[in-house]
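Along the sequence shown, residues are numbered consecutively beginning with 1. From a predicted model like this one, the values you see are computed outputs, not experimental measurements.
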Amino acid sequence: LIWQRVLETTRRVSDRWRWWLSVLIASVACVSIVLAVVRPGTEGDAGSGKAIIVVDNAPTMATRTGSGAQRFEFAKDRAVDLINGFSSATQVMVVDTQRWLVTPAFESRKRAIETVLSLQLGQSFMPIVPSAIASIPAESRYVVTDGVLLGAPPSDFVTISVFEAAPNVGITAFDFENVPGDPSQREAFVEVFNAGSVPVTTEVVISGLGEQRVTREISINAGSFAGDTFDLSAFPGGPIRAALTSTADGYADDDVAYGYLSSRRIVRVTLVTPSDSDYLAKSLSAQPRVSLNTVSPRRYMDQVVAAPNQTDIFVFDRFVPAEPPSAPALLIGAKSVDWLPARAGTASFPEIASADTGHSVLRNISLRDLSIEQGNYLQSPDDASTTVLLRSSDDKVLALAHNGAMRWVLLGFDVASSNFGLLAGFPLFLGNSINWLADEPEILREQPGMVTVPFDDARVYAVDGSELPVVTVDGRSFFDATQPGLYTALGSDRPLRITVNLLERRISNVNQTAVADAATMEASGAAGQVPFGLSALLLMLAAALLFIEWLTYHRRITV
């Protein structure tokens, strides 16, 4: 009776409230653990959203960072981490800037990770994101890039930057020139760019097919370029390679460049004229590369044809042989023969309407004052290897250039029946014609990637003699040049040299980025998901509640 009265007069906690408090603490701790582990979506239906991830796989992503790994490897790791942060029900579309993934589609997280890991670097230096991506509905959009070639993404993309500055020097120009006034000397010009933040000194090595080699050290300031010329007079001609030797270089693809040096320096020209053409002979003799031999048509038939290897170029003045010559030819006022285009009428004081000054024969020549008294119109060509050089006002042809197995340049008029020989551009015309006829086949300059050859059924060979796969579509051939190098394409009528080089400051400048200050993945988090930082806080809250539950139980506050 005494204890019953004491209990009734003492304020105490009800056994029911002690039970509810214990349930509340345990429930909150359990919910915190579940949220931290499962990380459900925070928008609408948890985990039912869609996400688009653009992975930049442009060639500059091969730049190596301070750890030795490529930027592209970091990009794939960051994309995988991002996908792992999504809920299990999220659909992910992976897109690359090199179009390896032809038809990207939404897929599960597991398949999306497999797609990212299968990506490879491309060769196109114009990375693009398909325009259709902008119209695809998605709750979140991300782009993982170094920002060098791709540039700054649109504002609706969260940018995850993998940019890290790297030292790099690269060749941005490589060309050959003849020394004016001395055809026996040839020079190569090399420009080197330093994309790093400190001045560097690198060695430039130029080598040919044999043991010919020229080396020189070049010092380049930070973020600047330097050029120098190299004497290649001792080189016999053929493939030429320029390379850099550097101890620290983040991007190696721009350290080499290839070119082709013509093997002919002195050109043996045979002028075939029916009479003493002193003016034409003097004009040809004045050309720096020419070793001239003048013969009559009768001597040509008797002696020159019997010794075809004694001439590099023929110049036929008002005469043309019945059979094609054994060397390229410049034909001035030629008569009709079966192997040349037929005449299409007589030209009397024709007015020049157009001149193809883009062709090598007429380059840098003005024909505004050209006057022709008498000549012949030529039949318009029906094949792609023959180019019209001059047209009259009535759209008739006056001059042609044929780029076939044996090149020739044909004028429908001669020097004596026009003022062409008196024009300032006439010596330049002779020099251009000699260079175009005598030099090696034309050189096509391309960058790594898919290269187009302007004729069908071509066979393409690398510098080591290996043949490359070729695809022919609509009269053109295509082959994939994955690395810088020198290639030769053989068509039905002529060969073609192809040099594949980078040679561009925009590419070598691997530290020029548009996203250096972009948000990181940790700062942005996975869209619609509980961030990793909040997950850790929830686990800490659950641990604290479990400790409180243990403490209150032992103090008999809870049950």
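- Summarising the local packing, CZ of Arg213 is surrounded by 12 or fewer heavy atoms from other residues, nucleotides or ligands at distances under 6.0 Å.
- Looking at residues two or more places apart in sequence or on another chain, you find a side-chain contact (heavy atoms from CB on, under 4.5 Å) between Ala165 and Phe163, Asn511.
- Here the CZ-OG distance, from Arg71 to Ser161, works out to 8.5 Å after rounding to the nearest 0.5 Å.
- The minimum heavy-atom distance linking Pro341 with Gln379 is given by the pair CB-O, 4.1 Å.
- Counting all heavy atoms, side chain and backbone alike, Ser283 lies closest to Leu430 at CB-CD1, 3.6 Å.
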Task: Test side chain to side chain donor-acceptor pair (under 3.5 Å) applied to Thr97 and Asp56, step by step - done: CA-CA 5 Å; Thr97 62; Asp56 187 4; 3.0 Å; yes
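- Contacts classified as salt bridge (Lys or Arg N to Asp or Glu O under 4.0 Å) and involving residues 465-489 (residues at least two apart or in different chains) are given here: Arg459-Glu467.
- Closest non-hydrogen pair, Pro321 versus Trp339, comes out as O-NE1, 3.0 Å.
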- [ ] Carefully, step by step, assess Phe189 and Phe230 under the rule ring pair (Phe, Tyr, Trp, His ring centres under 6.0 Å).
- [x] CA-CA 6 Å; Phe189 174 75; Phe230 298 77; 9.1 Å; no
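- Residues satisfying the ring pair (Phe, Tyr, Trp, His ring centres under 6.0 Å) test with Phe225, not counting sequence neighbours, are none.
- Residues satisfying the ring pair (Phe, Tyr, Trp, His ring centres under 6.0 Å) test with Phe157, not counting sequence neighbours, are none.
- Without hydrogens or angle criteria, Asn501 side chain to Tyr258 main chain gives a donor-acceptor distance under 3.5 Å.
- A donor-acceptor contact closer than 3.5 angstrom links the side chains of Thr172 and Glu191.
- Not a single donor-acceptor pair under 3.5 Å links the side chain of Arg141 to the backbone N or O of Val54.
- A donor-acceptor contact shorter than 3.5 Å links the side chain of Glu164 to the backbone of Gly66.
- With a 6.0 Å radius and a threshold of 12 heavy atoms from other residues, nucleotides or ligands, Met126 has its CE atom at or below the threshold.
- Inter-residue side-chain proximity for Asp228 and Val190 is flagged as unmet; no heavy-atom pair is nearer than 4.5 Å.
- Proximity of a side-chain donor or acceptor of Asn435 to a complementary backbone N or O of Gly431 within less than 3.5 Å is detected.
- Here the closest heavy-atom approach between residue Val500 and residue Pro448 is recorded as CG1-N, 3.4 Å.
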Task: Audit row: Asp81, Lys76, salt bridge (Lys or Arg N to Asp or Glu O under 4.0 Å) steps and yes/no - done: CA-CA 9 Å; Asp81 292 341; Lys76 292 199 293 185; over 6 Å; no
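- Counting only distance, with no hydrogens or angles, the side chain of Asp312 and the backbone of Val267 share no donor-acceptor pair below 3.5 Å.
- Closest approach of Val192 and Val169 over heavy atoms only: CG1-CB, 4.4 Å.
- Of the possible donor and acceptor atoms, one in the side chain of Trp100 sits under 3.5 Å from a partner among the backbone N and O of Gln120.
- Of the listed residues (Tyr461, Phe479, Tyr260), just one forms a ring pair (Phe, Tyr, Trp, His ring centres under 6.0 Å) with Tyr487, and that residue is Phe479.
- Note: Ile218 CD1 to Leu244 CG = 8.0 Å, rounded to the nearest 0.5 Å.
- Side chains of Ser385 and Asn403: a donor-acceptor N/O pair is absent below 3.5 angstrom, by distance only.
- At least one donor-acceptor pair closer than 3.5 Å links the side chain of Asp96 to the backbone N or O of Arg99.
- Partners of Phe174 according to the ring pair (Phe, Tyr, Trp, His ring centres under 6.0 Å) rule, which considers only residues two or more places apart in sequence or in another chain, are Phe176.
- Among residue pairs with one or both ends in residues 103-119, those qualifying as side chain to side chain donor-acceptor pair (under 3.5 Å) are Glu107-Thr115; sequence neighbours excluded.
- Between Val94 and Ala112, the shortest heavy-atom distance links the atoms CG2-O, 3.8 Å.
- The closest side-chain donor-acceptor pair between His402 and Thr386 falls under 3.5 angstrom.
- In this structure, CZ on Phe72 lies 7.0 Å from CE on Met61, to the nearest 0.5 angstrom.
- Between the side chain of Thr202 and the main chain of Thr245, a donor-acceptor pair closer than 3.5 Å is present.
- Residues Gln123 and Gln483 have side chains that never bring a donor and an acceptor to within less than 3.5 angstrom of each other.
- Separation of atoms CD1 (Ile171) and CG (Leu502) is listed at 9.5 Å; rounding is to 0.5 Å.
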Open item on the list: Would Thr488 and Arg497 count as a side chain to side chain donor-acceptor pair (under 3.5 Å) here? Give the steps.
Closed with: CA-CA 5 Å; Thr488 301; Arg497 310 285 187 190; 3.1 Å; yes
Open item on the list: Assess the residue pair Asn168 and Ser508 against the criterion (side chain to side chain donor-acceptor pair (under 3.5 Å)); give the C-alpha distance rounded to whole Å, side-chain angles, the decisive distance to 0.1 Å, and a yes or no.
Closed with: CA-CA 7 Å; Asn168 184 59; Ser508 295; 4.8 Å; no
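- Aromatic ring pairs are classed by plane angle as parallel below 30°, tilted from 30° to 60° and perpendicular above 60°; the pair Tyr142 and Phe86 is tilted.
- Counted within 6.0 Å of CG on Asp338, heavy atoms from surrounding residues, nucleotides or ligands total 12 or fewer; the atom is thus considered open.
- Remark: side-chain polar atoms of Thr513 are paired, donor with acceptor, to backbone N or O of Asp146 under 3.5 angstrom.
- Counting only distance, with no hydrogens or angles, the side chain of Asp356 and the backbone of Leu389 share no donor-acceptor pair below 3.5 Å.
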